[in-house]
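Sequence lines set the chain letters: A, B, ... in the order given, protein chains first and strands last, and positions in each chain run from 1. Basis for what follows: all heavy atoms, side chains included, without hydrogens, waters or symmetry-related copies. This one's a predicted model, so the numbers in the text were calculated from it and none came from an experiment.
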Amino acid sequence: MAKLTRRTTLQAAVASTLALPALLPRQAIGQQKPSEIRLGISTFLSGPASVFGVPGRNAADLLIEQFNRAGGIGGVPIRSIVIDEAPGVDFLLGECRRLVQNEGVDVMLASISSGSCLAVAPLAEQLRMPTILWDCGTQRIFEEASYRYCVRTQANAVPEIVAPLLYLMKIRPDFRTLAVLNQDYAWGRDSWAIWKAAMDAVKPGVRVVAELFPRFGATDFSTEITRLLALRPDVIFSTSWGGELDTFIRQAAERRLFERSTFVLPLVESSLERVGKTLPEGVIVGGRGDHWFLHPTAKDTRILKDFTAAYRQRFNLYPIYPTFHMAQALYGLKAGYEKAISANGGSWPSREQLMDTMRGLEFAHLTGTMKIREDGQGLEPMLIGMTKHVNEYPFPVIDRMVLFPPELTMNPIGTKGLDWVRLLTPASVQRAPAEIPYRA
Amino acid sequence: MTAPLLSARGLKIAFGGVKAADGIDLDIAPGEFVAIIGPNGAGKTTFINMTTGYLRPHSGHIHFDGAEITGRPPRSIVRRGIARSFQIPQLFTEHTVIENVALKVAAHGRFWRPFRPLLDAGTAAAAMRLLEQFGLAGVATARATELNEGTRKLTDIAMAMALRPRLLLMDEPTSGVASAEKFGIMDTLVAALRAERVTAVFVEHDMEVVERYADRVAVWSQGKILASGPPAAVLSDPAVLREVIGVETGHAHA
Amino acid sequence: MDRRLTLPTLAAATTVVALAIAAPWLKFVFTVALAKGLAVLGILLLLRAGQVSFGHALYIAVGAYTVAFLRPAIGEVLLLLPLAATAGTIVGFAVGLFVARYRDIFFGMLNLAFSMVFYSLLEKLYAYTKGTDGIRVPRPTIGGVTLDPVAYEWAVLVGTLALALTLGWLVSRFLASPLGQALPAIKTRETRLEFAGISAKRVLLVAYVASAALAGLGGGIIACTTLHVTPLLSYWTHSGELVFIAILGGAGSVLGPFLGAAVYELVRVYAAAAFPDAWQMILGAVLLVIILFAARGLWGMYEDLVLRKDRRA
Amino acid sequence: MTLLLFLAILDGLAYAAQVFMVAVGLTLIFGVLRILNVAHGSFFAIGGYVAATLGTWAAATAAAPVLALPVLLLAAVMVGGVLGPAIERLVLARIYTKEHVLQLLVTFALFMILEDVQKLVWGVQPIFQDGPVRALGQVEVGDIIYTAYQLYLLPGVALATLFGLMWFLRRTLTGRVIVAVTEDREAATAMGIDANRVYLLTFTVGTVLAALGGALASPTTSLVPGVGVNMIVLSFAVVATAGLGQIEGAMLTALLIGLGRSVAVYFAPEFEVVIPYIIMVAVLLIRPHGLFGRPELRRV
Amino acid sequence: MLTLEGVDVAIAGTRVLRGVDLRIDHSGRVALVGRNGAGKTTTLRAIMGLVPLAGGRIAFEGQDLGAVPAHRRTGLAIGYAPEERRLFSSFTVEENLRLPAEVLGLPAAEVARRLDKTYAVLPEIAEFKDRKAGGLSGGQGKMVALGRALMTGTKLVLLDEPFQGLAPALARRYAETLMRLREAEPELAILITESNPDLLKPMVDSAYLIERGEVHPTTL
């Protein structure tokens, strides 16, 4: 393969195209134990979202090595093939087809971008390709269609936004004004819509003083910050991430915006190490699930400690939520295969058997156990807390943690998240579990 | 005298202080063949540019066939029946001679039919007829870049004729052409003009050509018309000789 | 049509079908490539006039979103595609009226500006476009028949191939017409056209609208193939990609765009497979090499090879 | 309201300064070489990355606050001084005689290559080095806190660049040589000017300016893959609106865009994204060759 | 001093100069006359290295100019006043004059000396030396172009159609200037092109006729 692709002439490209399919005669349903599990992974390797994509890929490399050292899945080693989803849907769908029809991939782990997931899911059905949606956040996927070949091993936008809102209500119930600053693209708009609907339900009458949607990829927020400084909202909500969130935090800190308003940053867990103690104490932190390398209940477990150590040793960074999401996908896949194999009397499961097993599956991963619902949606708790500066780390840690269970934050099967959040009541806040303080 | 085909009154234009036209009055009668002579930079080409709409005079008026055309865009003026050729022939270098002419034939007729080939039967025939008239049939399929200067000049004029003008303005039809060729070229084009009954004005430096072919000569100097009349009379006028000394008189060939 | 093109055209069409039979995943890749090739065919028209649009992804997106928006009401490819082309034509005419007045860099930049405004709108008008998540297009019928996925993919590929052949032929006819032959005059000296009684602006406008229609159709096909459209379709790098393909394929022939598009997609696929972290660099290097050493593109290389063979024979 | 407007103007000026710094090198290069350099955004990004790298190194030394600002300039000179001549000699010099489309695409190819080079060198983690901002401290306007970097340094550097360039082009021999080549390459050659050297020099200066833009932006923004992409489009809009090769025009356009954008953020945030394009289309409608552009005389 | 031997030049595939032989001696004043489009301008451009030679050889003081890039030729003490003036319009007149001398790296005193010399020959341009070249009239521009050529052309100046487009009064003034130059700089060689030979009669000692790119010695 590598040898073929290195040729650059047209003839060679055409010739290799012709030759490749012949190299890989595979049956559509392989009941026999394969020599390896081929795992296609789509992630961002270029562009701004590679901040998540590359850590996700790194986690996959690390865990697949670990799995393979321990005998792979059901005795079969895993081999991953990574593709870049940055060039857009038309390219990604072509690549997925190539992976499935040419590379003989057995399972796909699809995508960070919600747009990619929405496009890949129907293709997975068409190709009968077991697909795990490993990081994309949109709740639309399982609400608007049902898929046999797709499951998601993490939560979705609904709990990811509802949990920080409930936390805010618990910590600072008296806020009256709020401003939002989100990236101007689907996630920024979606997450604001959920927040607004939920907030109007649990605390009617909050005045939204500014809705700022700077351009996706913006490099400067000083105008927005001036405006926020002038408006002095009680709360500033932002689901921004990556470089833009870092920029916003730095610029806001330099201009002491944090002193005037309470910040709710549901994705800031992924920026903590980079922004360091520039991010002051008292900021509400989320990480799209119960992911943190100092997870309050899992931090002393072997599995998390080893992973964090190995990840740090290899990449010189602490793991962030996309690495946890990737780990969940891989642990889920492993658990699914193993359960299906044993249900199948020890013989290798078909794709359909695998996917049927995935539904309702409960599996252990880095920070605990989680469950995949019958509709394919994963259920995981939401870890929300507040920044605190400690001496052990050069960046903020999370204190006053609350682990919101899915029952409290996730809409049931058959409902639409955006409708369901309108049914939340101030009483929902009362059901929140107790805070867990940070412990070194 | 019949009403003039072209009538210019009080044309003025200046470029950065240089008066290229400083009150030009000129009438061209139907069927005339008028030469414009004068030193380089006297405003001869500027007159052509104003008449064809490329430049707008700062003041003055031009009428063609009784209608005012001052300041109209070139394409509107072409449509009314004034075509021009260029001192440096404006050929489409990537095309053959017949394609060049055919394009102008089509421009005058069926230009906006997007899927009809340029060289369809009608257009090709019309183009070929023109080429024959100009003695260019032999080079019809040659590329424009392969031609010598004289042939390019003729092609350029044939292209202008393809627009079926009533008035043709030619900018130095024999410049850059070897002396041996100049009369041949002029014979060919004058015959073609006569056959099509086209009125023509040409800028020329070569007095032999002017004497031999022009019905009338207009002498340009510093943006003004110094004299106008039959070649024999004008070219013996001492004032003209003095002012228009820049025109090659032939003695330099000695 | 130039008879020299017949053989390579047939060979190329046969190759596409043969490869798609041999490797099913190529059906999709080739369909997208041919659809982009249609848009590049439009770019070619403008290149003939010496103008480069750095915003033609706009019309691809217009076509694609037309299909996406109308799909709930109209479930038929044979209706959706003409509508996509029509939408491209209409938007192309409106924008063309404005941009046809400008040349060179200004022409390129204004096209870029319009495409970026459109891109922003697609992202902004979240209520209608679902922003960057994009709109899913349920598989439409073809000729009233609901096809299974594989048959549908074949039908779209073969249909696109037929469209590419037909439109390629029409464009080559167009280029041979007086109107098409007048395009180079805009590149060199457009006053020549004015002195022939022809409005250069109108000539360019015709070419522009045609290019927009082709790109709109290409976008429609892309929507019917990917079955999911996102605003990224109209991003300026995608416009750059179209120009890239035009130069890669070679502007000398109507086959160039399709050749270029197919090679571009294949190079990208193989570069991405071999170097997932640096495929863009490979593409850039290919482009650089083509421009520095074979500026007439792949078609120019082919011509050189064939001509040399002819001379030897 | 008045206060808001005043604040909007302050923000607009700071933003305009950044926009100008990005666009000025591009417009200079276009003025002389007649090449619209798509790789300009990459130079911006690499300038930023190198500045951040050097800044991190400087921050570790004892003289951190003193070094914070000079390293920005150093980074720009390093990046421009290496990449500019290398690219001009190895690539651009081969295509000056080719069509404009090809020239544009060559820089597009360079952009694609540099984009990945930058990723391979600096990775995908956002990099942030705000030493210079911290070194300069804060300023209070009313009860609004600004950073001195944003309020004084950026506009100051932009003005210094503008006047420096104007002085350089009008008052120094090298500058006048550049202007002479811009006006008439052949006549300049006939006057003894080596146009190739002028091209090399101009491209290098333009590259240094692009890198300086990036270096100046690096203390206030995160460097991530793709940070250069957005800059390209914005600076193209500035160059076309200004009139090609017009440095003062670039400043005026940057001001229009900066003020337009900040007013939009205050009063109609939905329009913020399209402000540069609206300004561009509006200006070109009225002045088809840009604010300061002169129509080139059409040849018959 | 300057010899052209069998010089061929082709522009866009058309041969513009065909085997041109031409010779200028020290302090020689030579006219090159011919009609528009005959190849006069191309001859001067070939001498200045602005068009590539398709054949033949140009030598200056025995040195083959083929080895001297175009921008080095003013350094050989050749000055050139192109047709159409081609002044740098955003510069002042004096900046235009200074530029070629400064580009040569001449010391400031030498530049000043040459400037004084130029103003002495062309006193009228000293009057508007601070005006922008873009605002000059045609005649003024011609004078400045001549002055600019004199700033580097201490051995040879090439004047391309200096009289073209000048009103008779201006042409007379320009001719007087050339006569003055002849007295001020007796050593200076001059090559003038012109379509009107009579204008040059009083000021040259030999002449060539150029026609269709071919050059023959002639008398005026």
Pick one of side chain, backbone, both or neither for A:Ala86, based on which atoms fall under 4.5 Å of a heavy atom in chain C. backbone
Is there a side-chain contact between C:Arg136 and A:Pro122 (heavy atoms, below 4.5 Å)? yes
Do C:Lys130 and A:Arg189 have side chains that get closer than 4.5 Å, going by heavy atoms? no
Could you tell me which portion of A:Ser113 (side chain, backbone, both or neither) has an atom closer than 4.5 angstrom to a non-hydrogen atom of chain C? neither
What's the shortest heavy-atom distance between A:Ala186 and C:Gly131, and which atoms? CB-C, 4.4 Å
Test C:Trp25 against every option in A:Leu93, A:Asn102, A:Val100 by the side chain to side chain contact (heavy atoms under 4.5 Å, CB included) rule and name the one that passes. A:Asn102
Nearest heavy-atom pair of C:His228 and A:Gly115: which atoms, and what distance? NE2-O, 3.5 Å
Is C:Asp148 atom CG crowded by more than 12 heavy atoms from other residues, nucleotides or ligands, each under 6.0 Å away? yes
As an exercise, state the distance from CG of C:Leu227 to CG of A:Leu118, rounded to the nearest 0.5 Å. 13.0 Å
Begin from the C-alpha positions of A:Asp190 and C:Tyr126 and carry the test side chain to side chain donor-acceptor pair (under 3.5 Å) through to its verdict. CA-CA 9 Å; A:Asp190 258 350; C:Tyr126 184 75; 2.3 Å; yes
For C:Thr132 and A:Tyr185, which heavy atoms make the closest approach, and how far apart are they? OG1-CD1, 3.1 Å
Straight-line distance of C:Asp133 CG to A:Thr138 OG1, nearest 0.5 Å: 5.0 Å
If we define contacts as heavy-atom pairs under 4.5 Å, which of C:Met301, C:Arg268, C:Glu265, C:Glu123 has the most with chain A? C:Arg268
Greatest number of non-hydrogen atom pairs under 4.5 angstrom with chain A, of C:Val269, C:Leu233, C:Val29, falls to C:Val269
So what's closer than 4.5 Å to chain C heavy atoms on A:Asp84: side chain, backbone, both or neither? side chain
C:Leu232 side, atom CG; A:Leu92 side, atom CG - distance, nearest 0.5 Å: 11.5 Å
Indicate the atoms forming the closest heavy-atom contact of A:Gly94 with C:Phe28, along with that distance. N-CE2, 3.0 Å
A:Lys196 atom NZ, neighbour heavy-atom count above 12 within 6.0 Å: no
Where does C:Val32 contact chain A at under 4.5 Å (heavy atoms): side chain, backbone, both or neither? side chain
Applying side-chain contact (heavy atoms from CB on, under 4.5 Å) to A:Ser146 and not counting sequence neighbours gives none
Portion of A:Arg215 that has a non-hydrogen atom of chain C nearer than 4.5 angstrom: neither
Got a second to check how far A:Phe91's CZ is from C:His238's NE2, nearest 0.5 Å? 10.5 Å
If I compare all heavy atoms of A:Arg140 with all of C:Gly134, which pair ends up nearest, and what's the gap? NH2-O, 3.5 Å
